[in-house]
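Residue indices begin at 1 and follow the sequence shown. Being a predicted model, the structure only gives us computed values, none of them experimental.
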Amino acid sequence: MKLVFKILFISILMVGNYFSAQDTTKVSQAVKSAAKLKKAVDKNDDKGVADTYVGMATDYYNQGNYAKSEEYLVKAKALYQKLNDKKNLESVTRKLAQSQEKQNKITPAISNYSMAAEMSYSTKSRAVNSNDAARLSSPAPEVKAEAIQNNINISKKENEQADVAAGYSQLADINIQQKDVAKAAENLNAAYKISKKEAPQQALEINQKLANLYVENKNFDKAIEAKKKVLKENFVKENSQEKVNQIQELADIYIKKNDPKEAVDLLKNAYGIALDKGHTLEAQKSVKKLDSLYAISGNVDASVQLYRDFLGKLPNLVSKDRSLIDNKILEDTEQRISQLEKEKELKDELIRKKNVFNYGLIGALILLTSLVIFIFRTLKKVQIKNKKIALQSLRREMNPHFIFNSLNSVNHFIATNNELEANQYLTKFSKLMRGVMENSTDDFIPFQQELDLLQNYLALEKTRFADKFDYEIDVDESLNLQNLQVPGMLVQPFLENAIWHGLRYRTEKGLLKLSFEKNEQQLKIIIEDNGIGIEESKKQKTQHQKTREGRGMKNTLERIQLLNDLYKKNITCSVKDKENNSGVLVTIQINLL
């Protein structure tokens, strides 16, 4: 009969064991974490995702689920590394080391403590992490104890009580290794006293370690005293599930003490609380322990009655048991979190591809822009070069024009049998031509050289037309004759026009005035004659002269335009008749800057 009950009982519990007992608070924490994670994923907020992972890891750590805590801390660490968030990276690396240490993964824990020490921004943080790395890596108990004591001192100074308690618990491990049971118990009691106020879950772990220490050393009364002490704590009394667990652990101590009667009473009490509060798995655990005790004493009837009672109350027990519902919610929440993580991976991949496309597009635009700039600059250089060639061509084109007119004068002297004047003219002409040729390759020449060339030219023309005009040259004393640069032979065509098309047609001797003035930041050149004027000159032109294009003035105006384009000299030129057709006034202005 008892065997039938056992088979039915085990079958039901196999279904029940699929679920693990969970506290409603844990469910609430998981649901909130899932909501935070969804919000962060929707906003593509990597820091928000990482912060949520840290919160979830902390919850799992406090629940004693260190493997799950490590899983989420690894994810958080990867995100903080991606964000280059050094402050949070240090913190999460330390937490990861603590989770790994709890799982006895000593090598990776040492590595992460060392990394956290290297990242530390404060002396305190660097010291704590370095001490933890030394504690785990050193085989010597004295070195371990020194590292732990250093951290306890730092934690006391910072008033971090949970870390102080953890330090005393670690010292107890060293004491146990050195077989110093009294010192181990002292440190564990000190740790329990601190942690029960700050971290109840830590206090329960420390209490269990203390009880196990006493049991291993056959000091059952001390172990019982420690368990009874924790049963009086509010964080146990107010949590019926934890209360049942602690009563069951106390019963185990009595069993090891060989006091089955007290163990049975405790397990019955635990069974009653579990039935009343709806803790199915805790009730099952109590039933199994009681069944083992009844089997030892040979009390088959009590065992059968226990199974009958449990099976009769099971439907009502399951209906009250929140852990089964909570577990289903947790399972769904875990799946949701997993789905959100996949969704984030997909978003990250899409963003990565989008960024690759954007960077490629930006790169192509930069390349295209660079190509356009290169082409533009090349064209600009070609354009400038072409303008310089054109300018040089115009200067060279002026030379034959000038030579041709001068040779006409020589021809006139020879025709009139004036050999002496022809020789003198040729001497002056050769000197002028040497100066013109020397400066023919330069766009600008010193003002003194230009002045000398113009004086030579006017002297030549005066020789040719001695009875037609006199000339005057006036130079502003403020002009620097050596340093000032001006366009070569720019003025000469205007002087030539004044003589050949104005003054030589006068019946009386005329006057040609050439003046150079400094007007603020400009050089002002004035060419003034009292010849027949522009309009009268046009009337006296022959038909052949009218059809023949005058290259001198045209070339000069083109030179001015090119000089302005290339050198931004803002050269202006004004040619106009004076009042009453009493000659021509030419005004040229050149920017000196």
Side-chain angles (χ1 to χ4, degrees), residues 44-47 79 81-86 345-402 435-450 453 480 482-494 518-525 549-574 588-593:
N44 198 33
D45 177 11
D46 282 346
K47 187 178 184 306
L79 286 172
Q81 284 174 328
K82 176 184 172 184
L83 295 168
N84 197 28
D85 187 342
K86 295 181 180 179
E345 288 176 9
L346 181 61
K347 280 187 176 182
D348 288 345
E349 180 63 19
L350 289 173
I351 290 170
R352 187 189 68 79
K353 288 181 178 179
K354 183 179 178 181
N355 287 340
V356 168
F357 174 77
N358 288 340
Y359 292 145
L361 183 60
I362 290 169
L365 288 173
I366 291 171
L367 185 62
L368 183 61
T369 303
S370 300
L371 184 61
V372 169
I373 292 170
F374 173 75
I375 293 171
F376 176 78
R377 286 182 175 175
T378 303
L379 290 174
K380 189 74 173 174
K381 287 179 181 178
V382 170
Q383 188 180 37
I384 291 171
K385 188 174 181 180
N386 287 340
K387 286 181 179 181
K388 287 187 175 183
I389 292 171
L391 191 60
Q392 190 176 43
S393 175
L394 288 171
R395 284 200 309 272
R396 288 177 179 175
E397 191 176 326
M398 287 297 294
N399 292 338
H401 175 81
F402 173 67
V436 170
M437 293 303 177
E438 285 176 354
N439 297 305
S440 63
T441 58
D442 298 323
D443 292 336
F444 291 88
I445 63 174
F447 180 62
Q448 182 63 65
Q449 290 184 24
E450 172 69 0
L453 289 172
N480 190 322
Q482 296 301 326
N483 293 334
L484 178 60
Q485 298 282 316
V486 295
M489 294 294 282
L490 183 68
V491 177
Q492 185 272 332
F494 295 102
K518 186 176 181 183
N519 183 12
E520 294 182 351
Q521 296 300 322
Q522 287 188 325
L523 172 62
K524 187 175 182 181
I525 305 170
E549 186 179 4
R551 290 298 300 161
M553 285 305 302
K554 186 175 181 181
N555 284 4
T556 301
L557 294 175
E558 288 180 7
R559 279 186 69 199
I560 289 173
Q561 182 62 49
L562 288 170
L563 288 168
N564 285 337
D565 289 345
L566 288 169
Y567 301 106
K568 312 301 179 188
K569 286 294 184 179
N570 195 25
I571 302 172
T572 60
C573 177
S574 169
I588 301 171
Q589 294 193 91
I590 304 173
N591 192 354
L592 295 178
L593 295 177

Value rounded to 0.5 Å, distance of CD in Q521 from CG in N570: 13.0 Å
Atom pair CG (L371) and CD1 (I366), whose distance is rounded to the nearest 0.5 Å: 13.5 Å
Minimum side-chain heavy-atom gap Q492-L453 below 4.5 Å: no
Contact summary for K569 and N591, nearest pair of heavy atoms: O-CB, 2.8 Å
Nearest-0.5 Å distance that lies between atom CD1 in I590 and atom CG in N519: 13.0 Å
Spacing of CD belonging to Q81 relative to CG belonging to L79, to within rounding of 0.5 Å: 9.5 Å
Atom of M489, atom of R559 and distance for their closest heavy-atom approach: O-NH1, 3.5 Å
Beyond-backbone contact of I560 with I588, side-chain heavy atoms, under 4.5 angstrom: no
Side-chain (Q485) to main-chain (F447) donor-acceptor, under 3.5 angstrom: no
T369 side, atom OG1; I362 side, atom CD1 - distance, nearest 0.5 Å: 11.0 Å
Within-4.5 Å side-chain heavy-atom neighbours: I571 and P487: yes
Side chain D442, main chain I445, donor-acceptor under 3.5 Å: no
Atom pair CG (D46) and CG (D85), whose distance is rounded to the nearest 0.5 Å: 11.0 Å
